[in-house]
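First the proteins, then the strands, lettered A, B, ... as listed; each starts at 1. Since the structure is predicted, the reported quantities are computational estimates derived from the model, not experimental observations.
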Amino acid sequence: MVSELQCATFISTGILDMLDPQILRADLQQTAEKLAQRGYQLDVEAWEQLEQSRKSIQVETEALQNKRTTISKSIGQAKAQGQDIQPLLDEVAQIGEQLEQSKSKLKEILAEQEQVTLYTPNLAHDSVPVGKDEDDNVEVRTWGTPKQFEFQVKDHVELGEVNRGLDAESAANLSGSRFTLLTGEVAQMHRALAQFMLDTHIQKHGYTEYYVPYLVNAQTMQGSGQLPKFADDAFITEDDRYLIPTAEVPLTNLVADSIIDAKDLPIKLTAHTPCFRREAGSYGKDTKGMIRQHQFDKVEMVQIVHPEQSFDALEEMTAHAEAILQALELPYRAIVLCTGDMGFSATKTYDLEVWLPAQDTYREISSVSNCTDFQARRMQARYRSAEMKKPQLVHTLNGSGLAVGRTLIAVMENYQNADGSITVPQALQPYMGGKTVISQV
RNA sequence: GGAGAGAUGGCAGAGCGGUUGAAUGCACCGGUCUUGAAAACCGGCAUACGUUAAUAGCGUAUCUAGGGUUCGAAUCCCUAUCUCUCCGCCA
């Protein structure tokens with residue numbers, strides 16, 4: 001649980017952030033409708049009232065401020081010329097109290113508005129199917145054909161036991177439920193997968209590798225949209241740091257509070273990190289095996305791009321994630337998430353789902369999102385070119401390339417043999433000392 | 001963990017209670033000169049919000065952040081964060 005007190009420490013920038021205040025102002029009704037598609041109810045009337053009082057009070061405050069500054073300056077001048085300043089002091093004294101009142105009122109309203117914008121999700125792109133939940137997601141394409149097995153397939157838990165590589169009991173004893181302990185060749189394959197993914201993104205897809213902190217502060221979590229709304233999903237330390245739920249958090253925030261030269265775009269970053277999630281609200285889901293864990297490894301891709309490029313970049317990044325599955329020859333399908341199933345910061349998301357023979361279904365293994373300027377606004381990440389008068393917000397994207405644990409599961413299940421041994425995919429063999437099969441049978 | 005020093009514009013670096021959004025240099029942009037380039041010289045060059053048709057004017061805020069003192073704060077006080085130096089500890 002995150003206490004009220006901790007929530008109160010969330011960083012106020014003093015600016016109206018998050019959802020573009022200009023958009024909220026320009027076409028409030030339409031914005032509210034778009035938000036409703038995502039299951040978010042914006043109180044239009046309350047917002048309009050807030051806006052009205054903000055306007056009048058801000059104008060009033062600034063006028064008072066101006067008056068005081070002007071008088072104060074003339075006090076300085078009068079003093080320098082040796083004139084009597086008492087009349088001026090009397091005059092300014094009256095403004096003081098009025099100004100204080102006006103100021104604190106304005107502060108209150110701004111804080112209220114910030115609360116609204118901080119909790120408001122990104123707007124969905126027009127190409128995103130409108131829908132309520134995952135049932136309304138739309139399949140975009142499939143790749144590969146699920147293999148027909150001549151024998152009764154085992155799931156990854158059984159395969160892990162057979163090969164003495166997956167020990168749920170020890171993990172539970174050490175840490176509790178939703179943790180995994182890998183040993184021997186299975187642990188080796190897990191490591192090999194991460195290396196293979198990282199090398200592919202660096203060598204073939206043009207990403208720069210990063211090693212990042214696994215603990216970040218509240219400001220950073222807020223920048224990429226995890227806070228304040230999803231505080232309960234994250235692990236927090238006693239000194240108010242958060243275990244990263246994904247490398248997206250530190251990678252994306254690398255450009256926070258900066259103005260990037262347009263010719264340095266796009267910026268393409270990747271990192272292999274553990275990810276920590278409370279999995280609050282997922283009780284009873286995927287309790288068996290290592291599908292849903294408090295700790296899992298992931299290779300993450302992040303791109304910081306020119307606003308006009310972000311939808312092309314979304315396709316490109318999705319292809320980068322698909323390239324890993326293709327190299328491993330794992331059948332999968334790509335789906336586009338509907339408005340109701342998308343994450344908070346995303347305007348459009350593709351999920352990749354890998355075929356799991358034991359479940360006889362596709363399961364999520366990667367999620368690639370275009371966040372447009374939503375995170376950039378929270379982080380104040382902008383770019384500038386010579387022709388531009390003002391810096392503009394960049395667009396940010398992130399995607400898993402891929403979730404390592406789930407990829408391990410997919411390899412184990414798709415590459416299993418009748419005796420319970422597991423063939424090592426060809427692409428992975430160089431990363432496993434040339435080993436072609438895992439077998440403790 | 002202990003002791004000390006510091007945080008100013010894209011960068012470097014002045015200012016240390018009044019007319020300072022902030023000297024100066026570098027970088028960058030425009031121009032003069034030049035066959036061209038360099039050099040030299042001239043000019044320009046922060047961000048956000050408000051008002052507005054306006055990326056025009058005008059107003060407000062911003063010298064790490066948050067409080068305070070004051071008619072007035074980059075300048076004084078308090079707190080937090082971060083950086084550096086030394087000691088301790090440690091992979």
[X] side chain, from C-beta outward: closest of [options]:
X	options	value
A/Glu62	B/G59, B/U19, B/U47	B/G59
A/Lys79	B/A61, B/G50, B/G18	B/G18
A/Asn66	B/U51, B/G59, B/U47	B/G59
A/Ser72	B/U51, B/C71, B/U47	B/C71

Which part of the nucleic acid, if any, lies within contact of A/Gln65, taking any heavy atom under 4.0 Å across all strands shown: a base, the sugar-phosphate backbone alone, or nothing?
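Contact class for A/Gln65: sugar-phosphate only.
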Indicate, with a heavy-atom threshold strictly under 4.0 Å, whether A/Ile71 touches base, sugar-phosphate, or nothing.
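Counting heavy atoms under 4.0 Å across all strands, no contact is made by A/Ile71.
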Can you measure [X] atom [atom1] to [N] atom [atom2] for me and round it to whole angstrom units?
X	N	atom1	atom2	result
A/Ile85	B/G18	CD1	P	14 Å
A/Ile260	B/C28	CD1	P	20 Å
A/Lys55	B/G50	NZ	C1'	10 Å
A/Leu393	B/C49	CG	P	9 Å
A/Leu89	B/G72	CG	P	10 Å
A/Gln77	B/U20	CD	C1'	14 Å
A/Lys67	B/U60	NZ	P	13 Å
A/Arg377	B/A48	CZ	C1'	13 Å

Considering residues at least two apart in sequence or located in another chain, which fulfil the side-chain contact (heavy atoms from CB on, under 4.5 Å) criterion with A/Pro430?
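Counting only residues at least two positions away or on another chain, A/Pro430 forms no side-chain contact (heavy atoms from CB on, under 4.5 Å).
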Those residues that, when tested against A/Asp312, pass side-chain contact (heavy atoms from CB on, under 4.5 Å) (two or more places apart):
A/Gln309
Protein-nucleic acid N or O pairs under 3.5 Å, nucleotides 78-83 of chain B:
none

Hey, what are the protein-to-nucleotides 67-70 of chain B N/O distances that come in under 3.5 Å?
residue: B/G67; atom: OP1; partner: A/Lys107; partner atom: NZ; Å: 2.7

Tell me every residue that passes side-chain hydrogen bond (donor to acceptor under 3.5 Å, both in side chains) with A/Thr246, counting only those two or more places apart in sequence or in another chain.
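A/Lys298.
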My understanding is that only residues two or more places apart in sequence, or in another chain, count here; which of them pass side-chain hydrogen bond (donor to acceptor under 3.5 Å, both in side chains) with A/Lys435?
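Expected list: A/Glu185, A/Gln188.
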For residues 191-199 of chain A, run the donor-acceptor check on the side chains, cut-off 3.5 Å, and write out each pair with its distance to 0.1 Å, sequence neighbours left out.
residue: A/Asp199; atom: OD2; partner: A/Tyr431; partner atom: OH; Å: 2.8

Partners passing salt bridge (charged side-chain N to carboxylate O under 4.0 Å, His left out) against A/Asp84 (at least two apart in sequence or in another chain)
none
Suppose we screen for salt bridge (charged side-chain N to carboxylate O under 4.0 Å, His left out). Which residues come up paired with A/Lys263, at least two apart in sequence or across chains?
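Partners of A/Lys263 by the salt bridge (charged side-chain N to carboxylate O under 4.0 Å, His left out) criterion, ordered by chain and then number, come out as A/Asp261.
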